[in-house]
Novice: 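To start, I am sharing the structure in question, which I have written as structure tokens.
Reckoned from all heavy atoms, side chains included, excluding hydrogens, waters and symmetry mates.
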There are 2 protein chains.
Amino acid sequence: MNIGAAARRSGLPPKTIRYYEEIGLLTASRAANGYRDYSEADVQRLGFVQRARRLGFSVEECRQLLSLYSDRDRASADVKAIALEKLAEIDRRIEELAGLRRMLGQLVESCHGDDRPDCPIIDGLAGDGRAGGGLAGGGRAAGAADPAASAGARSGTSVPAVR
Amino acid sequence: MNIGAAARRSGLPPKTIRYYEEIGLLTASRAANGYRDYSEADVQRLGFVQRARRLGFSVEECRQLLSLYSDRDRASADVKAIALEKLAEIDRRIEELAGLRRMLGQLVESCHGDDRPDCPIIDGLAGDGRAGGGLAGGGRAAGAADPAASAGARSGTSVPAVR
DNA sequence: GTGCGCCTTCCAGTCGCGGGAAGGTCAAGC
DNA sequence: GCTTGACCTTCCCGCGACTGGAAGGCGCAC
């Protein structure tokens, strides 16, 4: 099976499949003409990665999950641990966004939104000190309770677009 | 004021301030020795951008907000429109994450997490068809009701880390 | 004069791809 | 046999919003 067919069957664009091969996430055998050649099992793995990505797992996490996938002696606890951590990450991200939403919502609510220049949103951003929320300076954003020993990451948890 | 002092007062790292200058978001005058020199008004603008970024506005949106900030004839409606759109974006993102959370939560719940290899999480990712949620193939993720004519973007809404 | 901390520029890397160029391959149609 | 078009290959560049580091200049205290 050529890459195009594998792409249609797995839901991943050919470019992405090549990228995954380049970074060593997946492999593909080659036909005599140099074309990549995918087996049914390959397509299975491609679909596996596609679904894992759509659930919010990073490519590196997909690597771990793939290795567990093909490990017949895995402990489901190992899989669950990864999933639980991702779940916690998603929760943190939701909390963070909820905090943003709260602050921005307050500003928006207090703004008349007419043709006059007076604007509490601008004032809040300008840091006049009257900002209620966490807009001050050194503070932590919002919602997130703990310093969050977040895994080296800036806030992201990005997921591929569905098309 | 040198860049270091401006950085401490605005909450932005010097690297970021230079970057903002490079992309034309802000400007800085230069002292005789070639050092960047920041006025009080400059520091105000830096803080403005810092707070806007922390609220989830992209750098391009910060550009618009800055221009409204320094426009004495602005209509607060213009500011509010930007903020409302951002609010909607945040809401979409939260919905999307909530959908992920739901699906992943279901998988996690159904996994015993012991030392045996049987694992509904792996099975779900492997696409055995028994996946309840939106893991199938061509479908839309979860939560998001509408095709979402989302502004050219893949899911992101990233916010700078607070430190 | 020498050490330290600050400043400057430039280059490279991050993450997960997408776009597009330049060229090879294959099957269908004439 | 020849062309056409769809497919495939590799390669490099770009995104957003920075961060890290190298190499070198400046300012001030000791």
Side-chain angles (χ1 to χ4, degrees), chain A residues 1-26 28-38 46 49-63 89 93 150-163, chain B residues 1-26 28-38 46 49-50 52-64 66 86 89 93 150-163:
Chain A
M1 190 182 339
N2 281 350
I3 197 172
R8 280 185 293 275
R9 295 207 20 211
S10 66
L12 288 172
K15 277 275 192 185
T16 300
I17 299 179
R18 291 195 196 98
Y19 171 68
Y20 287 164
E21 184 180 343
E22 188 190 325
I23 62 171
L25 181 63
L26 298 161
S29 51
R30 297 291 179 134
N33 56 10
Y35 287 16
R36 285 172 183 82
D37 188 30
Y38 295 91
L46 287 169
V49 172
Q50 189 255 1
R51 284 178 285 272
R53 288 288 294 125
R54 277 185 46 198
L55 269 180
F57 291 101
S58 74
V59 167
E60 281 317 303
E61 286 157 347
C62 287
R63 207 186 290 273
E89 194 182 321
R93 185 79 180 112
S150 73
R154 60 195 323 87
S155 86
T157 313
S158 109
V159 142
V162 178
R163 353 189 255 174
Chain B
M1 189 180 343
N2 282 349
I3 198 172
R8 281 185 293 276
R9 295 206 20 211
S10 67
L12 289 172
K15 277 275 193 187
T16 300
I17 298 179
R18 290 194 197 99
Y19 170 68
Y20 287 165
E21 184 180 343
E22 189 189 324
I23 63 171
L25 181 63
L26 299 162
S29 51
R30 297 290 179 135
N33 55 12
Y35 287 15
R36 286 171 182 82
D37 189 29
Y38 296 90
L46 287 169
V49 172
Q50 189 255 359
R53 289 288 296 125
R54 277 183 47 199
L55 269 180
F57 291 101
S58 74
V59 167
E60 281 316 304
E61 287 157 346
C62 287
R63 207 185 290 274
Q64 297 178 53
L66 267 179
K86 178 57 58 180
E89 193 182 320
R93 185 78 180 114
S150 72
R154 59 195 324 89
S155 84
T157 313
S158 109
V159 142
V162 179
R163 354 188 256 178

Novice: If every non-hydrogen atom of A:Y20 is compared with every non-hydrogen atom of A:L12, which pair is closest and at what distance?
Specialist: CE1-CD1, 3.9 Å
Novice: With sugar-phosphate meaning primed atoms plus P, OP1 and OP2, does A:I23 contact a base, only sugar-phosphate, or nothing at under 4.0 Å between heavy atoms?
Specialist: nothing
Novice: At their closest point, which heavy atom of A:R53 faces which heavy atom of A:S58, and how far apart are they?
Specialist: NH1-CA, 3.8 Å
Novice: For B:N2 and C:dT8, give me the distance from atom CG to atom C1', rounded to whole Å.
Specialist: 11 Å
Novice: To the nearest Å, give me how far apart CD1 (B:I17) and C1' (C:dT9) are.
Specialist: 17 Å
Novice: Roughly, in whole Å, what's the span from OH in A:Y19 to P in D:dG14?
Specialist: 18 Å
Novice: Check if the side chain of B:Y35 and the base of D:dG25 share a donor-acceptor pair of N or O atoms closer than 3.5 Å.
Specialist: yes
Novice: Find the distance B:L26:CG to D:dC18:P and express it as a whole number of Å.
Specialist: 11 Å
Novice: If you measure from the Lys or Arg side-chain nitrogens to the Asp or Glu carboxylate oxygens, is any gap between B:R30 and B:E21 under 4.0 Å?
Specialist: yes
Novice: Please report, rounded to the nearest Å, how far the P atom of D:dG27 is from the CZ atom of B:R36.
Specialist: 16 Å
Novice: Quick check: on DNA chain D, is the nucleotide nearest A:R8 upstream (toward 5') of the one nearest B:E60, or the reverse? Name the residue that is more 5'.
Specialist: A:R8
Novice: What closest approach, in Å, do A:V159 and A:R54 show between heavy atoms, and which atom pair accounts for it?
Specialist: CG2-O, 3.9 Å
Novice: Expressed as a whole number of angstroms, how long is the span from B:E21:CD to C:dC10:P?
Specialist: 12 Å
Novice: Whole angstroms only, please: what is the OH-C1' distance between B:Y20 and D:dT19?
Specialist: 13 Å
Novice: For A:F57 and B:R30, find the nucleotide of DNA chain C closest to each by heavy atoms; which residue's nucleotide sits nearer the 5' end?
Specialist: B:R30
Novice: Side-chain N or O of B:T16 versus OP1/OP2 of D:dT19: is the shortest distance under 4.0 Å?
Specialist: yes
Novice: In terms of the nearest nucleotide of DNA chain D, which residue is placed more toward the 5' end: B:S58 or B:K15?
Specialist: B:S58
Novice: Of all heavy-atom pairs between A:Y38 and A:L46, which one has the smallest distance, and what is that distance?
Specialist: CD2-CD1, 4.2 Å
Novice: What's B:R18 touching, base or sugar-phosphate or nothing? Going by heavy atoms closer than 4.0 Å.
Specialist: base
Novice: Nearest whole angstrom, please: distance from the P of C:dT8 to the CG of B:D37.
Specialist: 10 Å
Novice: May I ask you to verify if any side-chain N or O of B:N33 is less than 4.0 angstrom from the OP1 or OP2 atom of D:dG27?
Specialist: yes
